There are 2 protein chains.
Amino acid sequence: MIKKKISIKDIARLTNTSITTVSFVLNGKGRISKEISKKILDVAQKNGYEPNRMAIGLRTGVSKVIGLIVETIGGPFFGAMAKVIEEEAEKAGYGVIYCSTNNNIQKGKDVIKMLSQQLVDGYIITPMKGLEKEIQNLVANEKPVVLIDGYFPGIDIPHVLVDNYGSSYNAIEFLIKSGYKNIGFVTADLELVQLNDRMQGYKDALKAGGIKEDKKKIFKLPFDAEREEAVNAIKTFISQQNQMDAIFFTTNYLGIMGLQSINELKLNIPGELAVISFDDNEIFNLYPPGITTVRQPTYEIAKSAIDMLLSQMTAEKYNIAKIKLQIPATLIERGSTTTLVTK
Amino acid sequence: MIKKKISIKDIARLTNTSITTVSFVLNGKGRISKEISKKILDVAQKNGYEPNRMAIGLRTGVSKVIGLIVETIGGPFFGAMAKVIEEEAEKAGYGVIYCSTNNNIQKGKDVIKMLSQQLVDGYIITPMKGLEKEIQNLVANEKPVVLIDGYFPGIDIPHVLVDNYGSSYNAIEFLIKSGYKNIGFVTADLELVQLNDRMQGYKDALKAGGIKEDKKKIFKLPFDAEREEAVNAIKTFISQQNQMDAIFFTTNYLGIMGLQSINELKLNIPGELAVISFDDNEIFNLYPPGITTVRQPTYEIAKSAIDMLLSQMTAEKYNIAKIKLQIPATLIERGSTTTLVTK
DNA sequence: TTGAAAGCGCTAACAG
DNA sequence: CTGTTAGCGCTTTCAA
């Protein structure tokens with residue numbers, strides 16, 4: 001039962017009409033008589049007609065597809081986003097295709113190139129340093145773009161992300177209020193605004209709390225470190241501190257490796273070391289005694305991003321209202337940061 | 001600096017040649033003189049020429065894109081797969097686009113429909129009951145398809161997945177050899193061959209170990225249960241057993257909720273209850289005392305799947321050599337299943 | 001070695 | 001209300 005794909009022309013032939021008529025009926029344009037309409041619809045239905053997106057795309061210049069370029073496919077953060085973006089896009093008649101950059105600039109460029117070959121109408125992109133030019137090109141070509149999870153300082157492209165500065169600030173402030181005074185900071189050695197903002201929040205919160213910043217308490221893990229290597233590096237970092245009583249991890253990923261490090265060092269949480277990690281995760285909920293986290297508003301971010309994109313795509317005029325959208329995070333308090341009574 | 005997309009025709013005009021010539025040069029077909037070639041290449045380069053995939057697709061009937069339809073985007077299992085599939089596909093000149101079904105039949109149908117509208121040349125699909133017809137249709141239309149993570153019993157479509165039966169059998173056998181005798185089994189209430197195969201492995205291993213199967217030790221969690229509801233159900237199940245000494249979870253997802261249940265019941269692992277879960281996961285490595293798991297060979301599965309697909313796509317003739325590929329899993333032994341000396 | 005021209009499936013102005 | 005027709009950008013046959 002090989003159903004050769006049937007075309008609009010075939011339907012026209014089968015129904016003794018013209019392709020225009022068929023096209024109109026199928027698209028509900030022009031006014032075609034009831035009976036002819038019905039005949040055409042019947043034949044189309046019976047033969048399982050499906051429009052050829054390529055042809056439509058070529059003709060109209062729109063593909064009705066949105067490209068979602070993320071750092072890693074997989075991973076709960078983008079997984080959750082993907083779901084809501086997909087749903088919203090579908091409501092508006094758009095499909096979504098994903099591509100991942102794996103934090104590799106070249107891969108990022110390749111992916112943008114591939115998608116820009118008329119495959120997608122709009123983009124949601126996790127930006128990374130090195131892609132500025134490509135992304136600006138997209139915008140210059142009047143392609144709708146929304147950045148998520150990051151942005152390019154000084155470049156006006158619509159973006160939506162968590163309030164990295166504020167939520168880090170709050171997390172550190174919370175630690176200080178709970179009685180912790182020697183707070184370590186572990187981040188990745190990547191040039192990402194998100195991470196810089198988180199660091200600034202940390203520094204400012206310390207200052208506001210009257211604590212002197214100590215460079216030795218800040219550790220930047222090389223991005224390309226192997227798992228084991230990374231864990232060892234974190235262990236070394238922790239061991240070198242003499243009286244660190246709390247530690248803040250700037251990402252999910254780092255937090256998990258941090259837990260392993262702390263575990264291997266046999267340090268008690270929070271007795272010997274309090275812990276907070278950015279990005280909530282199942283593991284932080286489960287791992288005893290529960291790890292306090294900064295939970296990103298994934299739903300809101302995704303929803304805002306797709307909304308901004310869709311409005312860009314449908315608006316007749318350029319009307320980029322909110323260029324910057326920073327959404328606050330929630331601090332999820334768990335057992336890893338109990339208030340210090342000894343003090 | 002709006003660069004209007006330049007076409008092959010523009011290049012022809014700019015170089016005083018014909019579109020044929022340009023096309024030939026750009027594709028390295030026909031023999032065009034060195035100088036004209038150079039001129040064309042230069043102009044194309046300078047103007048940032050990019051072929052229009054839609055046009056090529058329309059003309060040639062191939063899109064050079066592979067569709068990957070999975071249950072959930074996000075989640076470590078598919079995340080890892082996606083990465084290797086992407087890499088291999090790229091080597092062969094294919095792009096990859098993802099779509100998720102979220103275990104929803106209608107969504108699955110919609111996604112297949114969307115992709116089948118000439119958007120992709122081949123499919124890698126996580127099958128689910130209810131999609132048999134759509135997928136058979138694809139095959140009937142001579143579209144290359146490879147199923148992963150599952151298959152349709154009785155329907156001959158190439159597929160590759162872990163040896164669900166064998167690896168469950170081994171896991172249970174391992175428990176028995178370690179001295180456990182009352183082994184519970186928690187699975188999801190979904191009609192998936194994977195799960196059925198895992199259950200059969202459990203039953204057969206019990207029988208082989210001389211242990212009588214006990215229906216009351218098998219629990220099927222309703223698929224649509226909310227998180228909390230699910231945890232409670234598992235807690236109830238565990239509490240009702242009088243002397244269960246080990247428990248096997250058939251998925252990652254269940255295993256994690258199982259841990260939470262066990263945690264809330266304050267049962268000691270493995271002292272009061274040994275634990276094994278299907279699908280390895282970071283959390284199982286970290287959660288004390290380490291949870292023994294059946295690790296799926298994600299790399300091999302993904303690699304085989306994309307290889308099978310690519311060979312289907314490039315082969316002149318239908319030459320589906322290995323229709324069924326079942327790859328063994330690895331049992332990762334951790335602290336949750338120490339050998340019982342008391343006994 | 002190069003060019004003219006047909007046509008992939010579809011939309012949409014323009015005619016009737 | 002319905003049909004004719006001209007492309008969208010590209011590949012490819014055939015002819016020059």
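Only a predicted model underlies this, so the values are computations on that prediction, with no experimental measurement involved. Each chain gets a letter, A, B and so on, in the order its sequence line appears, and its residues count up from 1.
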Hey, does [X] reach any base, or is it just sugar-phosphate, or nothing, if we go heavy atoms under 4.0 Å?
X	answer
S23(B)	base
T20(A)	base
I36(B)	sugar-phosphate
L58(B)	base

*Should the pair K38(B)-D42(B) be classified as a salt bridge under the 4.0 Å nitrogen-to-oxygen rule?*
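Looking at D42(B) together with K38(B), the answer is yes, because their closest N to O distance falls below 4.0 Å.
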
Return the value, rounded to whole Å, for the distance between atom [atom1] of [X] and atom [atom2] of [N].
X	N	atom1	atom2	result
R13(A)	dG3(D)	CZ	C1'	17 Å
I40(B)	dC10(D)	CD1	P	13 Å
I8(B)	dG7(D)	CD1	C1'	16 Å
M54(A)	dG9(D)	CE	C1'	13 Å
I32(A)	dT2(D)	CD1	P	5 Å
R59(A)	dT11(C)	CZ	C1'	4 Å
I56(A)	dC8(C)	CD1	C1'	14 Å
I11(A)	dG3(D)	CD1	P	14 Å

Is it true that [Y] and [X] share a donor-acceptor pair across their side chains at a distance under 3.5 Å?
X	Y	answer
S100(A)	E71(A)	no
S18(B)	T21(B)	yes
D149(B)	T126(B)	no
E86(A)	Y98(A)	yes

Look at the side-chain N and O atoms of [X] and state whether any lies under 4.0 Å from the OP1 or OP2 oxygen of [N].
X	N	value
N27(A)	dT11(C)	yes
K29(A)	dA12(C)	yes
T21(B)	dG3(C)	yes
K34(B)	dT1(C)	no
S7(A)	dG9(C)	no
K9(A)	dG7(C)	no
T17(A)	dT2(D)	no

*Checking side-chain contact (heavy atoms from CB on, under 4.5 Å) for the pair L147(B)/I135(B): CA distance, chi angles, key distance, verdict?*
CA-CA 10 Å; L147(B) 307 181; I135(B) 295 182; 4.2 Å; yes

*Tell me which nucleotide among dT2(D), dC10(C), dA4(C) gets nearest to the side chain of S18(B).*
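It is dA4(C).
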
*Closest-nucleotide 5' rank along DNA chain C - winner of T60(B) and N16(B)*: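 Whichever sits nearer the 5' end wins; that is N16(B).
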
*Nearest-nucleotide comparison on DNA chain C, the residue closer to the 5′ end among F24(B) and A55(B)*: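 Closest to the 5' end, via its nearest nucleotide, is F24(B).
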
